[in-house]
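First the structure, in the form of structure tokens, and then the observations on it.
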Amino acid sequence: MLDLKALRRDPDAARAALARRGGTDAEAFDAVLALDERRRELLPQLETLRAEQNAANGEIAKAKKAAKASGDSSAADAAVATMRDVSARAKALQEELAEVEAGLAEQQARLPNLPHPDAPPKDSVLKTVGEPRIDGLGARPDGAPAEARDHLELAGAHRVDMERGARLSGSRFAYLRGDLVFLELALVQWALSKLRDKGHEAVIPPVLVREDALYGTGFLPDTEQQIYALPGDDLYLVGTSEVALASMHAGEILEVADLPLRYAGFSPCFRREAGAAGASDRGLFRVHQFDKVEMFSFVPPEDAEEEHARLLSIEEEILTELGIPYQVVDIAVDDLGASAARKFDCEAWLPSQQQYRELTSTSNTTDFQARRLGTRLKDSRAESARKPEPLATLNGTAIAVGRTIIALLEHGQRADGTIVLPECLAPFGAPRVLPAA
RNA sequence: GGAGGGGUGGCAGAGUGGACGAUUGCGCCAGUCUUGAAAACUGGAGGCCGGUCACCCCGGUCCAGGGGUUCGAAUCCCCUCCCCUCCGCCA
């Protein structure tokens, strides 16, 4: 949600910023301005009537008492009759105002966040780290791609069982089995431990949430086609624990001294992924259910960019320690989600596809989510008490388990089909080497 | 799922139609006292909207949330959410 005061102060700047996103938000934007203005006309009128009512209430109470003593209730009756009229006018105004405010809230909810001025017009690669090759297949000096097997071949149906997954639940569902389960648990435990050491409290959140949480985080009204709903219970399955983590402090006023608040959520994620499946999305790459470790931070607004860089550096550290070559992409302004002002993706090199594919992503949502969720910040110890203000929230993927497993299998593969796994995972229960399928 | 009982300020807890944004206690902040602290005493302190996006001040609003009755609602009625107790069920 955007700050109405800021929009009023400089509508043209906001309009221009929104236009960079390329969507058709102009109508909603103009509607917001118009409804806001109407609201500001009606409100003082209603308040004047209310003040009149408040003043009269005391008089009526006195008159009633006097009437009781004297037996003459004519004065009281007259006052009540007068106020009956005022009350009716107030009620009419109130109804109109409620209508305007409902419309305003609806239009306002449709507006996405203002993009960061540095968010580029097109995806732009900021850096590339690691060699796009596979050490274990080093037999050929040119590193010819033909030899690289993809993760499904490497894992085998007894470890990534798509067929039975589909039989049970439909396409894009998988059974993860055997060694790979321990690999997942090791990845998760490794990541959560690392994040704990960096000040992120581990959290296992609910994954079924109310509609409010999805509106609050900006997933509604924007990505409804991606969200599983349970209409019988008015609940939704989250596509990311970001929803639950952001909502942890909904409606709260936080203390500056308590910031930053940093979390690491571990949860399954559910996405409908409506539409045709592409060949490059086969296997675990795009499934309806996957597990993920997600970072989430609440920081003062002025620290948001620094925190964004921090989350990105953690993502890079994780990829580096796992030995996965990657590139960092500054996501195009017209490709940001509704809540993000800026987004960086880390794309891993996938040997089987000979291209970089998204593995992790980190977004600076500035005060957009905080404003929607009603999470604010105050400083009780400040010299001059200032009003609570929205703070900044940021999120970033630590480990998207399925895709990380893909990258690990493909990069660890050797000519004989066995797979070397990163050393750092061994203490957490992962095998050093997976047998060939 | 069934039957009851509840939700009031940071916490505890009064208030059941008329000056209640709300008695009181604890906690918190400041001051007086003190070498310092404690105690005691005095004072202060919420959010939101608007007047003017500052301060002060003023008006409006907020007693879980929403709607209704009334000249007037913390108080009466309806709906929703949450918590507690008992029963049932269950990883």
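Here is how names work: the chains are called A, B, and so on, in the same order as the sequence lines, proteins then strands, and each is numbered from 1.
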Ring center gap for A:His308 and A:Phe344 short of 6.0 angstrom: yes
Between A:Phe296 and A:Arg262, is there a cation-pi geometry (under 6.0 Å to ring centre, at most 45° from the normal)? no
Suppose you measure atom P in B:G2 against the same atom in B:C89; what distance do you get, rounded to whole Å? 15 Å
Separation of the P atoms in B:G21 and B:U16, to the nearest angstrom: 15 Å
What's the CG-C1' distance between A:Asp212 and B:U80, to the nearest Å? 12 Å
Using the P atom on both, measure B:A30 against B:A45 and round to a whole Å. 15 Å
Assigned partner base of B:C33, Watson-Crick or wobble definition, under 3.5 Å: none
Span that lies between the C1' atom of B:C90 and that of B:G1, in whole angstrom: 12 Å
Value rounded to 0.5 Å, distance of CD in A:Gln45 from CG in A:Leu93: 5.5 Å
Is any side-chain N of the basic residue among A:Arg310 and A:Glu307 closer than 4.0 Å to the acidic one's carboxylate O? yes
Of the options B:C49, B:U61, B:G47, whose atoms approach the side-chain atoms of A:Ile253 most closely? B:G47
On a whole-Å scale, what distance lies between the P atoms belonging to B:G17 and B:C26? 30 Å
Short side-chain N/O contact to B:C62 OP1/OP2 from A:Arg50, under 4.0 Å: no
Does a side-chain N-to-carboxylate-O contact under 4.0 Å join A:Arg342 and A:Glu305? no
Spacing between A:Arg39 atom CZ and B:G51 atom P, to the nearest angstrom: 10 Å
Hey, is A:Arg38 close enough to A:Glu41 for a salt bridge, meaning N to O under 4.0 Å? yes
On a whole-Å scale, what distance lies between the P atoms belonging to B:A22 and B:G9? 15 Å
Using whole Å, report how far CD of A:Glu389 lies from P of B:C49. 13 Å
Can you tell me, in whole Å, how much space there is between the P of B:C29 and that of B:G13? 24 Å
Of A:Asp85 and A:Arg376, the one whose closest nucleotide on RNA chain B sits nearer the 5' end is A:Arg376
Any strand: nucleotide that pairs with B:A3 via Watson-Crick or wobble, under 3.5 Å: B:U85
Residue A:Lys5, side-chain heavy atoms: nucleotide from B:C49, B:U61, B:G72 that is nearest: B:C49
Using a 4.0 Å heavy-atom cut-off, does A:Arg9 contact any base of the nucleic acid, only the sugar-phosphate backbone, or nothing at all? base
Which part of the nucleic acid does A:Ala51 contact within heavy-atom distance under 4.0 Å: base, sugar-phosphate only, or nothing? sugar-phosphate
Among the nucleotides B:G59, B:G50, B:C48, whichever has the atom closest to the side chain of A:Glu47 is B:G59
Dump every N/O contact between nucleotides 66-69 of chain B and the protein below 3.5 Å, one line per pair.
| unit_1 | atom_1 | unit_2 | atom_2 | d |
| --- | --- | --- | --- | --- |
| B:U69 | OP2 | A:Lys91 | NZ | 3.1 |

So which pairs with a foot in residues 173-194 of chain A pass salt bridge (Lys or Arg N to Asp or Glu O under 4.0 Å), sequence neighbours left out? A:Arg159-A:Asp179, A:Asp161-A:Arg177, A:Lys194-A:Glu317, A:Lys194-A:Glu321
Side-chain N or O of A:Thr48 less than 4.0 angstrom from OP1 or OP2 on B:G60? no
Classify the ring geometry between A:His288 and A:Phe173 as parallel (under 30°), tilted (30 to 60°) or perpendicular (over 60°). tilted
Under 4.0 Å between a side-chain N or O of A:Arg40 and OP1 or OP2 of B:G51? yes
Rounding to an integer number of Å, can you tell me how far A:Met83 CE sits from B:G18 C1'? 13 Å
Span that lies between the C1' atom of B:C56 and that of B:A73, in whole angstrom: 33 Å
Proximity to the side chain of A:Gln53 - top-ranked nucleotide from B:G72, B:U61, B:C82: B:G72
Selection from B:U61, B:G59, B:C49 that lies nearest to any side-chain heavy atom of A:Asn54: B:U61
Under-4.0 Å salt bridge between A:Arg357 and A:Asp281: yes
So if I take every side-chain heavy atom of A:Leu43 and compare against B:G59, B:G47, B:G50, which nucleotide ends up nearest? B:G50
Atom CD of A:Glu37 and atom C1' of B:G50 are separated, to the nearest Å, by 15 Å
Pairing partner (Watson-Crick or G-U wobble, both distances under 3.5 angstrom) of B:C48: B:G60
